[in-house]
Amino acid sequence: MRVAILGGGGFRVPLLCRELTRTGFAVDELVLHDVDAVRLAVIGSVLAGQRLPLTVRTTVELSDAVAGADVVFIALRVGGLDGRVGDERAALDLGVLGQETVGAGGLRYAARTIPVVDEIAQLITQRSPQAWVVSLTNPAGIVTEAMAGVLGPRVIGVCDSPVALVRRACAAAGMAAWTSLAEVVDTVEVDYLGLNHLGWLRGLCYRDGDRQVDVMAKLLATPHLLERLEEGRLFGSDVICALDAIPNEYLYWYYAQREALRDVRAAGRTRGEHVRREQQAFYAAAAADPSRAAQLWRQANDERNRSYLAELRNGERDEADVGAGGYESVAVAVALAAALTGGRPARLILNVANGPTIPGLPPDATVETVCRVDTSGALALPVRPPTLHQLGLMASVKASEQAIIAAARSRSSRAALRAFATHPLVASLQAARTLSTLFTAEDR
């Protein structure tokens, strides 16, 4: 089994490697690829300090990394953290929200990333056409949909926020924790539907002997249990009950645009600026003293998890979320890869082609929902129809996402303007015009 990780110098790569060894995934060779040799060397030092039982090789040659791979994990940040800061600041300077994966920030990030992942997808079809591609690259839904244009169903997107929400909801209801977060959806009946960073937990049940327990009904009927949730504190139990569903935490940007913009401005610096400062310090210190790389990584990872969405939150983050921070996505990614390559079939929340799942969206649109995974791929399971509100918001955002994919490929400022002008988080034609100057080539 040959596994490649593109973006192998990324900060969360040690989490992915740890999960590969913890689950016993049979990796004969693990290849880490990155365009930044310094970052790649630092992560190599972190892994050496963790003493994981993996045969790891590093390379800056992309073709070498993907050649003959059975599984390719893609965890890129095109433009680095400087790009993220630029995305967030460009939006905020125009008076609109600029989170890295949501709204104007997410569209800018996608426009920069799509040409790169298109090239990677083409290379994979040439060098390892039978490989399964597991994408952890943000914005996850847009990137997965773009790569699927080349790779079809062999690319599947993974995000940590849905399974983290399920875990928190189960914990709030008093259910036991799981040894593997990837097993959560295999243990309970979950109704989760949406786009990446725009979804709702609409149903949650588990079997207690012969009795089916409706966890969602229990939570909605008990406000103080909802308030144990990060989402309960963020949205308020009254809003959750009114929606009859628990929104993904990223929906706060949509439901509370004014409050979110106010709080981000009051924070004095963007999340990207905070992460950039912390990671620059980590990589510099670890490069200077490789023997301490693993220790420095643990400290930096703890800080990153504790400060997650701090600008929108009152008080400290829940310790369970701190402990799990960053782990959900890699747990799901490894469980996905195992099921695709002959391991136990699984039910996971993934980013896949819509097909007939949501009749109001195009079949090739990427959606985020519960899927059954085996060696034939990931298949979205049937769900009850979305509410009119859910369908309307998904359709509006999906249209904007597809416009930015078209813009990135054609270098069309007209398509870019359509993407920004129609996104519900931009809501300013002047801002949309300014943001759409990403592309200077004539429309095609």
Side-chain angles (χ1 to χ4, degrees), residues 72-76 78 100-103 106-107 109-118 120-121 124-125 132-163 185 192-200 248 250-251 254 329 332-333 336-337 340 347-373 376-383 385-386 390-409 415 419 422-424:
V72 180
F73 294 100
I74 301 182
L76 307 180
V78 178
E100 71 159 332
T101 63
V102 174
L107 293 177
Y109 186 14
R112 187 171 60 251
T113 303
I114 287 164
V116 175
V117 297
D118 276 352
I120 291 172
I124 290 172
T125 62
W132 289 105
V133 178
V134 178
S135 177
L136 297 98
T137 298
N138 281 323
I142 304 177
V143 168
T144 302
E145 186 165 330
M147 296 189 77
V150 178
L151 296 169
R154 299 197 73 82
V155 59
I156 301 164
V158 170
C159 178
D160 58 354
S161 57
V163 71
V185 182
Y192 183 94
L193 184 66
L195 309 181
N196 179 241
H197 287 181
L198 194 156
W200 299 264
N248 183 297
Y250 284 89
L251 273 163
Y254 294 86
S329 60
V332 173
L336 169 62
L340 291 170
R347 280 189 301 130
L348 302 167
I349 301 174
L350 301 167
N351 287 269
V352 296
N354 175 43
T357 307
I358 306 173
L361 297 182
D364 62 347
T366 293
V367 299
E368 191 167 69
T369 191
V370 181
C371 302
R372 175 172 173 79
V373 187
S376 64
L379 178 66
L381 297 175
V383 294
Q390 291 164 359
L391 177 60
L393 188 52
M394 284 190 288
S396 179
V397 172
K398 178 55 66 177
S400 177
E401 291 181 349
Q402 293 192 337
I404 205 66
I405 293 174
R409 286 175 170 159
T422 60
H423 198 289

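Scope of the values below: all heavy atoms of this structure, side chains included, with no hydrogens, waters or symmetry mates.
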Between T144 and N351, is a side chain to side chain donor-acceptor pair (under 3.5 Å) present by the stated rule, with each step listed?
-> CA-CA 7 Å; T144 302; N351 287 269; 5.6 Å; no
Under the side-chain contact (heavy atoms from CB on, under 4.5 Å) criterion, do Y250 and L198 qualify, and how do the steps go?
-> CA-CA 6 Å; Y250 284 89; L198 194 156; over 6 Å; no
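Annotation: side chain of V134 is not in contact with side chain of I74 (no heavy-atom distance under 4.5 Å). Using a 4.5 Å cut-off on side-chain heavy atoms (C-beta onward), V72 and W132 make no contact. Using a 4.5 Å heavy-atom threshold, the side chains of C159 and H197 count as touching. At least one side-chain heavy atom of T113 sits under 4.5 Å from a side-chain heavy atom of T137.
Expressed to the nearest 0.5 Å, how far CG of N196 lies from CD1 of I142 amounts to 8.5 Å. The structure places OG1 of T369 at 7.5 Å from CG of L381, a figure rounded to the nearest 0.5 Å.
Applying side-chain contact (heavy atoms from CB on, under 4.5 Å) to N138 and the options L76, V102, V143, T101 leaves one that passes, T101.
Of all heavy-atom pairs between I404 and A110, the closest is CG2-CB, 4.2 Å.
Remark: A395 pairs with L361 by the side chain to side chain contact (heavy atoms under 4.5 Å, CB included) rule, at least two apart or across chains. A search for ring pair (Phe, Tyr, Trp, His ring centres under 6.0 Å) contacts involving W200 returns H389, not counting sequence neighbours. Not counting sequence neighbours, the partners of R112 by the salt bridge (Lys or Arg N to Asp or Glu O under 4.0 Å) test are D87.
Among pairs with a residue in residues 352-369, none fulfils salt bridge (charged side-chain N to carboxylate O under 4.0 Å, His left out), at least two apart in sequence or across chains. Sorted by first then second residue, the salt bridge (charged side-chain N to carboxylate O under 4.0 Å, His left out) pairs that include residues 133-143, not counting sequence neighbours, number zero. Pairs passing the salt bridge (charged side-chain N to carboxylate O under 4.0 Å, His left out) check and including a residue from residues 135-152, sequence neighbours excluded, read E145-K398.
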